[in-house]
Amino acid sequence: MPIFENHSALNLIYSFFDTPCYLCVLLAVFYIAKIYKIHNLKIKNISIIILFLFGLVYFLSVLGLLWFDMYYFGVYTQAFITLVLCTLFLWLDRVMFVAITISLIPFALQNDASFAIFDFIICPYLWLYCGARILFIAVLKLGNMMKYKIAMTKI
């Protein structure tokens, strides 16, 4: 869909958000496989909440709205934060732990350290998806609560 000469809506979106992270692509493939009933694994809601909060802190710090910038932490600090995040997922949701571990393989295989570890875990697409899913779950829970409350008042 051209907006003006030699540009399109896809180029505009790409200019705002850049490329998706490996975890985002991996989760997209995961959900597509789930639609086609290739597996019946489920990612827990707590994992989505943790990813959203991690992305919120990460993007606020990158934008300079916090007193620190996670993008320019040293490699060891980023690795420690990633280790804590992986340990948390190992404890709470093994499926997300495996997904994050697989998404970190390209970082381990690269030769230069020009990327932050976090670029392989979180991106604006994944962060927006997590926020939308949290909002969707909250609306569903609120709807169920209201339905239950209406049913209780009729008794």
Please tell me whether [X] and [Y] are part of a single hydrophobic cluster in this structure, the criterion being side-chain heavy atoms less than 4.5 Å apart.
X      : Y      : answer
Ile35  : Ile38  : no
Leu41  : Leu92  : yes
Ile43  : Leu90  : yes
Leu140 : Leu142 : no
Ile137 : Phe30  : no

TODO: Determine the minimum heavy-atom distance between Val25 and Pro20, stating which atoms define it.
DONE: CG2-CG, 4.0 Å
Open item on the list: If I compare all heavy atoms of Thr19 with all of Tyr125, which pair ends up nearest, and what's the gap?
Closed with: C-CE1, 4.1 Å
Task: Nearest-0.5 Å distance, CD1 of residue Ile48 to CZ of residue Phe136 - done: 13.0 Å
Open item on the list: Please report the interatomic distance CE(Met96) to CD1(Ile46), rounded to the nearest 0.5 Å.
Closed with: 11.5 Å
Task: Gln78 (side chain) donor-acceptor with Tyr71 (main chain) under 3.5 angstrom - done: yes
- [ ] For Thr77 and Phe73, indicate whether the former's side chain and the latter's backbone hold a donor-acceptor pair under 3.5 Å.
- [x] no
Open item on the list: Is it the case that over 12 heavy atoms from other parts of the model lie below 6.0 angstrom from the CZ atom of Phe120?
Closed with: yes
Open item on the list: More than 12 heavy atoms of other residues, nucleotides or ligands under 6.0 Å from OH of Tyr31: yes or no?
Closed with: yes
Mind checking what makes side chain to side chain contact (heavy atoms under 4.5 Å, CB included) contact with [X], not counting sequence neighbours?
X      : result
Leu126 : Cys21, Leu23, Cys24, Leu27, Leu51, Ile122, Cys123, Tyr129, Cys130
Leu128 : Phe17
Thr101 : Phe97
Thr82  : Cys86, Leu104, Ile117, Phe118, Ile121

Check: residues 60-68 side-chain donor-acceptor pairs under 3.5 Å, at least two apart:
residue	atom	partner	partner atom	Å
Ser61	OG	Val57	O	3.3
Ser61	OG	Tyr58	O	2.7
Ser61	OG	Met70	N	3.2

Task: Sequence neighbours excluded - side chain to side chain donor-acceptor pair (under 3.5 Å) pairs with any residue from residues 33-51 - done: Asn45-Arg133, Ser47-Asp93
Task: Step-by-step side chain to side chain contact (heavy atoms under 4.5 Å, CB included) determination, Trp91 to Leu88 - done: CA-CA 5 Å; Trp91 183 51; Leu88 189 63; 4.2 Å; yes
Open item on the list: Is the shortest side-chain heavy-atom distance between Asp69 and Tyr72 below 4.5 Å?
Closed with: yes
